[in-house]
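Just follow the structure's listing: the first ligand is 1, and inside any ligand the first atom is 1.
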Amino acid sequence: MEKTLAIIKPDCVKGGNIGKVISMIEEKGLKIVAVKMVELSRKEAEGFYYVHKDKPFFESLISFMTEGPVVLMALSGENAISRWREIMGATDPAKAEDGTIRKSMGTNIERNCVHGSDSPESAKFEVNYFFSSLEIFE
Ligand code: IDP
Ligand code: MG
């Protein structure tokens, strides 16, 4: 069993889409093994997205991710990392497949509703960044 980190981003929380996202996760057979709603500080968001610190969109991304509450989740399942990324769709909602979360609920390449880890290494870092072992129920 593999674990991955999912985030329902501030745009998606504001849009009233928490339930829709969670339904899609469960309908596709991924298990939510940890969940909490938090407002990220700038420091927390910067640390989480450190791999993007030199990108031109970094400052804007940090402002976006700290503009309101987010829902953090750890998902578990076989190939959970790639399966969750498939359910999310491409980074840019305009390029995402029909039926994906980003296609149906994302606004643009930045305000794209959800996050998912992209590799076993990042999944480990990201799940541990937000959850202690006592908060994960598998
Ligand atoms: P991912 O979320 O699909 O893995 P990444 O390339 O890791 O995409 O980028 C992290 C996040 O940064 C994206 O989900 C999106 O919110 C934002 N982002 C990525 N590329 C751009 C861009 O070109 N302009 C503005 N924001 C971007
Ligand atoms: Mg990424």
Self-check item: Donor-acceptor under 3.5 Å (Thr100 side chain, Ala96 main chain)
Solution: no
Quiz item: Are the side chain of Asp11 and the backbone N or O of Cys113 linked by a donor-acceptor pair below 3.5 Å?
Solution: yes
Exercise. Could you tell me how the ring of Phe130 sits relative to the ring of Phe48: parallel (under 30°), tilted (30 to 60°) or perpendicular (over 60°)?
Key: tilted
Quiz item: Starting from atom 2 (O) of ligand 1, which protein heavy atom do you reach first, and at what distance in Å?
Solution: Arg102 NH2, 3.0 Å
Quiz item: What do you reckon, does Leu61 put a non-hydrogen atom under 4.0 Å from ligand 1?
Solution: yes
Self-check item: Heavy atom of Lys9, distance to ligand 1 below 4.0 Å
Solution: yes
Practice problem: Answer yes or no: does atom NZ of Lys36 have more than 12 heavy-atom neighbours from other residues, nucleotides or ligands under 6.0 Å? | Solution: yes
Exercise. Would you please indicate if the ring centroids of Phe125 and Tyr50 are separated by under 6.0 Å?
Key: yes
Quiz item: Looking at residues at least two apart in the chain, or sitting in another chain, which of them share a side-chain hydrogen bond (donor to acceptor under 3.5 Å, both in side chains) with Lys55?
Solution: His52
Self-check item: Numbering as shown, the atoms of ligand 1 that approach Asn112 to under 4.0 Å (heavy-atom distance)
Solution: 13 (C), 14 (O), 15 (C), 16 (O)
Quiz item: Between Ile109 and ligand 1, which part of the residue brings a heavy atom under 4.0 Å of the ligand: side chain, backbone, both or neither?
Solution: both
Quiz item: Taking the non-hydrogen atoms of Arg85, is any one of them nearer than 4.0 angstrom to ligand 1?
Solution: yes
Quiz prompt | Backbone or side-chain N or O of Glu110 under 3.5 Å from ligand 1 N or O | solution = yes
Quiz item: What protein heavy atom is closest to atom 22 (C) of ligand 1, reported as residue, atom name and distance in Å?
Solution: Phe57 CD2, 3.5 Å
Exercise. Starting from atom 9 (O) of ligand 1, locate the nearest protein heavy atom and write down its residue, its atom name and how far away it is, to 0.1 Å.
Key: His52 NE2, 3.5 Å
Practice problem: May I ask you to check whether over 12 heavy atoms, not counting those of Glu138, lie within 6.0 Å of atom CD? | Solution: yes
Practice problem: Among all protein heavy atoms, pick out the one at the shortest distance from atom 3 (O) of ligand 1; state its residue, atom name and that distance to 0.1 Å. | Solution: Thr91 OG1, 2.5 Å
